[in-house]
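To start, the structure under review is shown below, and the notes come after it.
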Amino acid sequence: MKGGGQFAVYEPIIVISTQHELVYCLAVVKSAELNIIGQNFMSGYRVVFDREKLVLGWKKFDFAVSYGSNFQITPSCVKGSGRTEYDIADDFCPRPLHCRRSRPQTGLSIQSCDGFGTFGFDIHHRYSDPVKGILDLDGLPEKGSLEYYTAMAHRDRLIRGRRLADTVGSTPLTFANGNETYRLSSLGFLHYANISVGTPSVSFLVALDTGSDLFWLPCDCTSCVRGIKTPAGPVDFNIYSPNTSSTSMNVPCNSTLCGQAQCPATHNICGYQVIYLSNGTSSTGILVEDMLHLTTDDSQQKVVDAPITFGCGINQTGSFLDGAAPNGLFGLGMDSISVPSILATEGLAANSFSMCFGPDGIGRISFGDKGSSDQGETPFNVRQSHPTYNISATQIIVGEKATNVNFSAIFDSGTSFTSLRDPVYTIISESFNSLAKEKRHPSDSTIPFEYCYDLSANQTSFENPPVNLTMESGNQFYVTDPIIIISFDNGSAMYCLGVLKSGDVNIIGQNFMTGYRIVFDREKMVLGWKPSDCYDAKDSNTLPINPGNSTAVPPTTTVEPQATSGPGNGSPIASPSNSQSPPSNNSPHLNSMISITHTLLTVLFLLFIHCFTILFS
């Protein structure tokens, strides 16, 4: 196996009995689609399907050794129960565990071991003698006959065909308003999409975040942003209300998505609170279920209405009131409550999705997209208490200098700029600094980036060292956009390595994903990437904020979020105004730069990755 373990096949053959002879065959059927290890190859093993560690385990299994050579079942009638109970010898489970096997009216047995907190039952083949005796059926093929194995092979083909029809052939989905996403620098440098929810449908401008799980919308809120002011005029945001949607339902306390919440005795409603790493940033409310309106991500655009559980955000705090994700956050993480997880569980899309990050700020999103065979890939590190899109890298290459260093990092679309801790931060920064040709800018506490370089007044282009990562798989991830260009009101300009120093986790932010279609494949548990300008799968998505000409970076809009502390009118909160234009590779032209203010630079430091979720009543 991939991990180096040997899997010895104890029964690779079958013996077929005919009227005149015995024939043995290699019990392997040729497949045109998938490779499948069937029951015959598992015979003689206890196979463990560990869904916590996401590993397959196996160990040679001998019934007599495992249950004891003196394994005995003694029947005793349980008066009035209509069933027979069987007591199992003590050597079945080590003392002081208490196990028993009960045989209900069906005749199949059930066993439980109280000390392990586990539950098990006997399994029988559909053509086995016990099943024949229970069902009292005639005409089933005799075990070992040609008809027996022919029937088994036929059933395998039927099941395999149904599985392929349900998954491999499924069409990816996207939002009903289109698959386009936009990086809005005036709203925290995050990628946004226009989605529609409820009946009748209501549109929301949500930030797309692979670093968090819960999708939430401002909902009958006591503290949220109800609109923004732009040069073109005010833009009002929709506020979700369960009372105005005929398809809205509260999520009860016994829902699997409610976790361990303790609900009040008088209200069977599941509450939530999500706290983010940005200081003082949170969303609090209740969980509801309603329709998310989607379409197939193809030319036919068939309508798909998906029942989705999400947060009815009654109270937002921190950065959500200062311009980032003011109209909702669309969690795309690995947890069961995220939208990709729900779509996969409901059988509406494959358990994979892609996001494209175009160099001009235009992107795409597609649920069920598994990428292509020629994409780069590397496995996720999934052995975590809270799984994230965490990968491992083994090498950093800046220019022609390669440094071997093992580190893990989270791919997070909810973080604008890549954030690395030492020693990775120092390695990449100092290597970049040693190759930079321009004079390094003096340290400035108002600028969050440490490695910046001044540009002369008459300078029209410059070259920056390329930055590449070697992933655990050995595939190269070439960073197409490692720098940002900053121009100030006084006419001066500089460029900076777009990497922040982190004190805790390594995060690959949107700037390092620019120029790629990133595939978050949760079936294969791999991250995929392929260069793209994001215009090969165009499907327009109308936003309430005009991103401008699609052939250039969306022009920045001055906005003032209008936060409210209640249902009445709120007072406007000043917001930063302008942002940078991402440079073209290697030789950025300064005439593409957009002014950036010192106030905004403090906002760039915000990191929007999910920290933890607390469910409460």
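All values derive from a computational prediction rather than experimental measurement. Atom set for the values below is all heavy atoms of this structure, side chains included, hydrogens, waters and symmetry mates excluded.
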- Are Thr284 and Gln316 close enough, and set up right, to give a side-chain contact (heavy atoms from CB on, under 4.5 Å), and what steps lead you there? CA-CA 6 Å; Thr284 305; Gln316 276 64 249; over 6 Å; no
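- Between Tyr478 and Trp529 the shortest side-chain heavy-atom distance does not fall below 4.5 Å.
- Taking both residues in full, the closest heavy atoms of Ile427 and Ile396 are given as CG2-CD1, 4.2 Å, listed atom of the first, atom of the second, then distance.
- The residues Lys370 and Glu523 are annotated as salt-bridged, a charged nitrogen and a carboxylate oxygen being separated by less than 4.0 angstrom.
- Taking the six-membered ring for Trp and the full ring otherwise, the centers of Phe204 and Phe310 sit at least 6.0 Å from each other.
- The OG atom of Ser413 sits 11.0 Å away from atom CZ of Phe330, with the distance rounded to the nearest 0.5 Å.
- The aromatic rings of Phe353 and Tyr389 stand perpendicular to each other, their planes meeting at an angle above 60°, with 30° marking the opposite boundary.
- Without hydrogens or angle criteria, Ser473 side chain to Glu377 main chain gives a donor-acceptor distance under 3.5 Å.
- Shortest non-hydrogen contact noted between Lys530 and Ser372 is CD-OG, 3.6 Å.
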- Message: I'd like to know whether Phe462 forms a side-chain contact (heavy atoms from CB on, under 4.5 Å) with Leu455, so could you lay out the CA-CA distance, the side-chain angles of the two residues, the decisive distance to 0.1 Å, and finally the verdict.
- Response: CA-CA 9 Å; Phe462 66 94; Leu455 299 168; 4.0 Å; yes
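- Although no hydrogens or angles enter the test, the distance criterion places a donor-acceptor pair under 3.5 Å between the side chain of Ser434 and the main chain of Ser431.
- Gly188 approaches Ser416 most closely through the heavy-atom pair O-OG, 3.0 Å.
- Take Phe357 and apply the ring-ring contact (aromatic ring centres under 6.0 Å, His included) test, not counting sequence neighbours, and it matches His191.
- In this structure, a donor-acceptor pair under 3.5 Å is present between the side chains of Gln395 and Thr470.
- Considering every non-hydrogen atom in both Ser282 and Phe320, the closest pair reads O-CD1, 3.4 Å.
- Side-chain contact check for Lys501 versus Tyr425: some heavy-atom pair is nearer than 4.5 Å.
- Minimum heavy-atom separation, Glu52 to Asp50: N-OD1, 3.0 Å.
- Contact annotation: the side chain of Leu527 never approaches that of Asp521 to less than 4.5 Å [non-hydrogen atoms, C-beta and beyond].
- Between Asp369 and Arg517 there is a salt bridge, with a side-chain nitrogen of the basic residue lying less than 4.0 Å from a carboxylate oxygen of the acidic one.
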- Task: For Asn351 and Leu343, run side-chain contact (heavy atoms from CB on, under 4.5 Å): C-alpha distance rounded to whole Å, both residues' side-chain angles, the deciding distance at 0.1 Å, then the answer.
- Result: CA-CA 8 Å; Asn351 197 11; Leu343 293 177; over 6 Å; no
- Evaluation steps, salt bridge (charged side-chain N to carboxylate O under 4.0 Å, His left out), between Arg364 and Glu180: CA-CA 5 Å; Arg364 312 281 167 191; Glu180 278 191 326; 3.3 Å; yes
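- Among all heavy-atom pairs drawn from Thr394 and Met471, the shortest one is OG1-O, 3.8 Å.
- Separating the CD1 atom in Ile391 from the CG atom in Leu469 is a distance of 7.5 Å, to the nearest 0.5 Å.
- A donor-acceptor contact shorter than 3.5 Å links the side chain of Thr210 to the backbone of Phe411.
- Annotation: Phe512 is not in aromatic contact with Phe417 [ring centroid separation under 6.0 Å not met].
- Close placement of the Tyr453 and Tyr495 rings is indicated, their centers lying within 6.0 Å of each other.
- Between the side chain of Asn506 and the backbone N or O of Ser408 there is at least one donor-acceptor pair closer than 3.5 Å.
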- Apply side-chain contact (heavy atoms from CB on, under 4.5 Å) to Leu497 and Phe449, showing your working. CA-CA 7 Å; Leu497 174 64; Phe449 305 105; over 6 Å; no
- Candidate pair Ser341 and Ser338, rule side-chain hydrogen bond (donor to acceptor under 3.5 Å, both in side chains), full reasoning: CA-CA 5 Å; Ser341 298; Ser338 74; 3.0 Å; yes
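- Although no hydrogens or angles enter the test, the distance criterion places no donor-acceptor pair under 3.5 Å between the side chain of Ser283 and the main chain of Gly313.
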- Message: Asp504 vs Arg421, test: salt bridge (charged side-chain N to carboxylate O under 4.0 Å, His left out). Steps then yes/no.
- Response: CA-CA 7 Å; Asp504 36 48; Arg421 62 183 180 183; over 6 Å; no
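- Judged purely by atom type and a 3.5 angstrom limit, Asn511 uses its side chain to pair as donor or acceptor with the backbone of Thr418.
- Here Met494 contributes atom CE and Ile483 contributes atom CD1; the two are 12.5 Å apart, rounded to the nearest 0.5 Å.
- Between the Asn327 side chain and the Leu205 main chain, a donor and an acceptor come within less than 3.5 Å of each other.
- The backbone N or O of Leu187 sits less than 3.5 Å from a side-chain atom of Tyr192, completing a donor-acceptor pair.
- Panel note: side chain Asp213, backbone Asp335; a donor-acceptor pair is recorded below 3.5 Å.
- The closest side-chain heavy-atom distance from Pro482 to Asn464 is below 4.5 Å.
- Thr256 OG1 to Ile337 CD1: the interatomic distance, rounded to the nearest 0.5 Å, is 9.0 Å.
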- Item | Criterion side-chain hydrogen bond (donor to acceptor under 3.5 Å, both in side chains) on Ser212 and Asp209, from CA distance to verdict | CA-CA 6 Å; Ser212 64; Asp209 184 13; 2.8 Å; yes
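- The closest side-chain heavy-atom distance from Phe520 to Pro340 is not below 4.5 Å.
- Residues Lys401 and Leu435 have side chains not in contact (no heavy-atom distance under 4.5 Å, counting atoms from C-beta outward).
- Under the 4.0 Å criterion applied to side-chain N and carboxylate O atoms, Arg183 and Asp360 are not assigned as salt-bridge partners.
- In this structure, SG on Cys356 lies 11.0 Å from CD1 on Ile362, to the nearest 0.5 angstrom.
- You'll find the side chain of Thr388 stays beyond 4.5 Å of the side chain of Met334, heavy atoms only.
- Using modelled atom types, one side-chain atom of Ser532 and one backbone atom of Cys534 make a donor-acceptor pair closer than 3.5 Å.
- Rounding to the nearest 0.5 Å places CD1 of Ile518 at 9.5 Å from CE of Met355.
- Using a 4.5 Å heavy-atom threshold, the side chains of Val398 and Glu430 count as separate.
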